[in-house]
Amino acid sequence: MEKEKKKVPAIRLKGFTDEWEQRKFGEMFERRKERNNGQFDKTRWISVAKMYFQEPEKVTSNNIDTRTYVMRIGDIAFEGHPNSDHSLGRFVENDIGDGVISELFPIFRHKGEYDLNYWKYTIQLERIMYSKLVNCIEISYTSSNKLDEVFFLKESILVPSLKEQKKLGDFFKNIDNLITIYQRKCDQLKMLKAYFLQNMFPAKGEKVPKIRFKGFTGDWEKRKLGDVLETITDYVAAGSFADIAKNVKYKNSPDYAQLIRTIDLKNGFTSSNMIFVDKKAFDYLYRVNINKECIILPNIGNCGEVYYVKPENLPYKHNVLGPNAIFVRSETIENGFLSILFQAKDFQTKLKLIISPTGQTKFNKTELKDIDLILPSAKDEQKKISFYFENLDNLITLHQRKVEELQTLKKFLLQNMFI
């Protein structure tokens with residue numbers, strides 16, 4: 001007979017060695033149907049989907065006293081709408097304060113001592129709760145799934161001591177606080193970037209920006225985009241579709257060169273589904289060889305996105321542009337500056353005018369070259385603007401990466417510190 005496994009998680013906080021205790025939900029929770037008696041108005045209507053107090057003007061119920069349940073802080077409620085993370089529905093715990101929710105959501109209240117943060121994370125873990133819910137759910141194909149509370153309260157779960165609950169709850173709360181701090185900083189930097197994009201480039205009909213680096217004067221000049229670009233090409237410039245199909249074979253494992261797609265640039269090359277080509281295909285696609293800095297613009301689909309690419313920052317040694325994008329490069333204007341100008345409101349507005357209004361969004365190289373730009377003639381000013389925004393983008397990337405790292409760490413620890 002196989003030896004019974006110890007009832008402890010794979011990773012544990014220091015100082016805890018006791019096994020977790022198997023307990024029925026009915027021992028720890030009770031179903032509550034506390035009606036609102038007028039103590040709560042629409043300002044305390046809880047949105048269960050995201051667990052926050054709904055804006056009063058968006059609350060449509062006219063029966064807040066009779067058709068709602070009171071949800072106290074610490075109460076858990078079952079939301080039966082399935083999603084990608086919770087295939088049968090999910091529980092949520094009220095950590096925002098007392099309020100009211102629709103009577104469609106069954107509420108369960110803790111009977112004894114508990115740690116709010118610990119239970120908040122526990123009940124959201126699909127791998128733990130799925131096995132508890134699968135026998136307690138009435139599947140609905142037209143609305144939310146319904147929970148059979150009698151069967152649910154008979155289900156059991158492994159639970160640590162109250163002391164360990166508090167430690168775990170605080171531990172994961174601190175991780176969430178760090179995620180919030182980095183995400184807030186990232187959002188603030190994005191807002192700052194948007195503000196400077198609005199004010200460090202001339203508005204429509206003007207010749208100088210509202211905000212300018214010290215030492216620069218004089219009007220910016222009007223130029224056609226096609227006049228300042230030495231290179232403007234795309235994947236299909238290599239030849240006919242038949243020739244491309246004959247000379248370019250995609251590969252899922254590393255080969256001579258990587259095919260750079262806008263989706264790769266957008267996700268920072270974090271996907272495992274990279275595409276590669278051999279030396280023959282690389283030579284055939286020489287027109288879009290990314291061997292110098294350039295700007296890549298999606299011209300089918302996500303029109304308006306802008307990617308400033310330096311080959312030394314790409315993960316692979318040899319790189320060529322993939323389909324559905326336009327590759328531009330200037331020898332006379334700072335490419336870093338152009339990439340920022342392309343993100344500014346004036347250029348984005350003009351770009352929208354050449355995007356096909358029907359069917360799939362797209363534009364072509366000829367129309368792109370005809371867009372009017374207004375830019376500083378002094379290369380030093382171009383460099384100054386480019387350098388400023390590059391640093392800003394680096395800070396945004398740094399904070400976003402920190403958020404993603406913490407989210408990955410949290411997911412790993414949730415998988416290994418709960419049973």
Side-chain angles (χ1 to χ4, degrees), residues 7-9 12-13 16 18-37 39-40 44-53 68-80 86 88-137 144-177 414 417-419:
K7 298 172 182 178
V8 295
R12 207 162 188 192
L13 294 173
F16 296 100
D18 293 342
E19 291 189 347
W20 289 23
E21 182 183 0
Q22 191 89 26
R23 300 189 65 188
K24 291 185 183 298
F25 281 102
E27 298 173 21
M28 301 177 289
F29 295 91
E30 61 182 346
R31 176 78 156 90
R32 295 303 298 266
K33 298 181 181 180
E34 181 185 354
R35 293 290 184 180
N36 185 23
N37 59 7
Q39 61 184 309
F40 298 112
R44 304 297 288 185
W45 186 287
I46 297 172
S47 172
V48 177
K50 295 184 179 179
M51 196 47 62
Y52 65 91
F53 289 116
T68 57
Y69 290 140
V70 173
M71 189 180 192
R72 303 287 181 185
I73 191 163
D75 288 354
I76 67 173
F78 178 72
E79 181 195 18
H86 302 273
L88 296 174
R90 63 170 187 151
F91 280 99
V92 293
E93 181 153 13
N94 179 4
D95 63 347
I96 62 172
D98 294 353
V100 294
I101 65 171
S102 167
E103 63 181 357
L104 296 174
F105 303 107
I107 292 176
F108 300 87
R109 189 163 296 166
H110 292 273
K111 287 183 178 181
E113 290 186 294
Y114 69 98
D115 183 73
L116 185 149
N117 289 324
Y118 167 80
W119 282 102
K120 175 183 175 181
Y121 296 110
T122 299
I123 62 175
Q124 290 179 10
L125 283 173
E126 170 78 346
R127 68 178 179 83
I128 291 176
M129 298 304 294
Y130 181 87
S131 62
K132 318 303 175 189
L133 290 175
V134 70
N135 297 320
C136 312
I137 292 294
S144 294
N145 297 333
K146 291 181 171 53
L147 178 73
D148 187 319
E149 62 189 73
V150 174
F151 282 100
F152 169 68
L153 292 173
K154 290 179 179 178
E155 291 287 339
S156 59
I157 188 173
L158 286 164
V159 181
S161 67
L162 181 60
K163 185 177 180 181
E164 190 169 0
Q165 286 183 40
K166 290 181 180 294
K167 285 284 188 180
L168 281 167
D170 289 344
F171 179 78
F172 281 96
K173 185 66 175 177
N174 287 336
I175 292 178
D176 273 346
N177 287 340
L414 283 172
M417 296 181 76
F418 289 79
I419 50 175

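Side-chain contact between S144 and F105 is absent, with no heavy-atom pair separated by less than 4.5 Å. Side-chain contact between F152 and D148: absent, with no pair of heavy atoms (C-beta onward) separated by less than 4.5 Å. Contact annotation: the side chain of F418 approaches that of I128 to within less than 4.5 Å [non-hydrogen atoms, C-beta and beyond]. Residues F108 and I123 form no side-chain contact, since every pair of their non-hydrogen atoms from C-beta on lies 4.5 Å or further apart. Side-chain contact check for F151 versus N135: every heavy-atom pair is 4.5 Å or farther apart. Between I137 and F78, some side-chain heavy-atom pair lies under the 4.5 Å cut-off. Between R72 and R32, the closest side-chain pair of non-hydrogen atoms is not below 4.5 Å. The shortest distance between side-chain heavy atoms of I46 and Y52 does not fall below 4.5 Å.
Applying the 6.0 Å contact sphere to NZ of K167 captures no more than 12 heavy atoms from other residues, nucleotides or ligands. At most 12 heavy atoms of other shown residues, nucleotides or ligands fall within 6.0 angstrom of atom CD in E113.
When each of D176, N94, D115, D95 is checked for a side chain to side chain donor-acceptor pair (under 3.5 Å) with K120, only D95 meets the rule. Screening K146, R90, K50 against E79 for a salt bridge (charged side-chain N to carboxylate O under 4.0 Å, His left out) leaves a single residue, R90. Applying side chain to side chain contact (heavy atoms under 4.5 Å, CB included) to M28 and the options R23, K111, H110 leaves one that passes, R23. Each of F91, F171, F172 was evaluated against Y121; a single residue qualifies, F172, per the ring pair (Phe, Tyr, Trp, His ring centres under 6.0 Å) test.
Going from atom CZ of R31 over to atom CD1 of I107 covers 7.5 Å, rounded to the nearest 0.5 Å. To the nearest 0.5 Å, atom OG1 of residue T122 and atom CD1 of residue I76 are 10.0 Å apart. Atom CD in E19 sits 13.0 Å away from atom OG in S161 (nearest 0.5 Å). A distance of 9.0 Å separates CD1 in I419 from NZ in K7, rounded to the nearest 0.5 Å. To the nearest 0.5 Å, the span separating CG on D75 from CZ on F29 amounts to 9.5 Å. Rounding to the nearest 0.5 Å gives a distance of 13.0 Å between CD1 of I157 and NZ of K24.
Shown here for M51 and V92, the closest heavy-atom pair between the two residues is CE-CG2, 3.6 Å. Of all non-hydrogen atoms in F53 and I96, the two that sit nearest each other are CE1-O, 3.7 Å. When all heavy atoms of L88 and N145 are compared, the closest pair comes out as O-ND2, 3.1 Å. Closest heavy-atom contact between L116 and I73: CD1-CG1, 3.8 Å. The minimum heavy-atom distance between F25 and K132, with the atom names listed, is CE1-CG, 4.1 Å. The minimum heavy-atom distance between E93 and G74, with the atom names listed, is OE2-O, 2.9 Å.
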Could you walk me through whether R12 and E164 pass the side chain to side chain contact (heavy atoms under 4.5 Å, CB included) test, one step at a time? CA-CA 10 Å; R12 207 162 188 192; E164 190 169 0; 2.9 Å; yes

Check against side chain to side chain contact (heavy atoms under 4.5 Å, CB included), T68 and W45: CA-CA 9 Å; T68 57; W45 186 287; 3.4 Å; yes

Applying side chain to side chain contact (heavy atoms under 4.5 Å, CB included), run through L133 and E155 and close with a yes or a no. CA-CA 9 Å; L133 290 175; E155 291 287 339; over 6 Å; no

What's the verdict on salt bridge (charged side-chain N to carboxylate O under 4.0 Å, His left out) for E103 and R35, showing C-alpha distance, side-chain angles and the deciding distance? CA-CA 9 Å; E103 63 181 357; R35 293 290 184 180; 2.9 Å; yes

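At least one donor-acceptor pair closer than 3.5 Å links the side chain of Q165 to the backbone N or O of P160.
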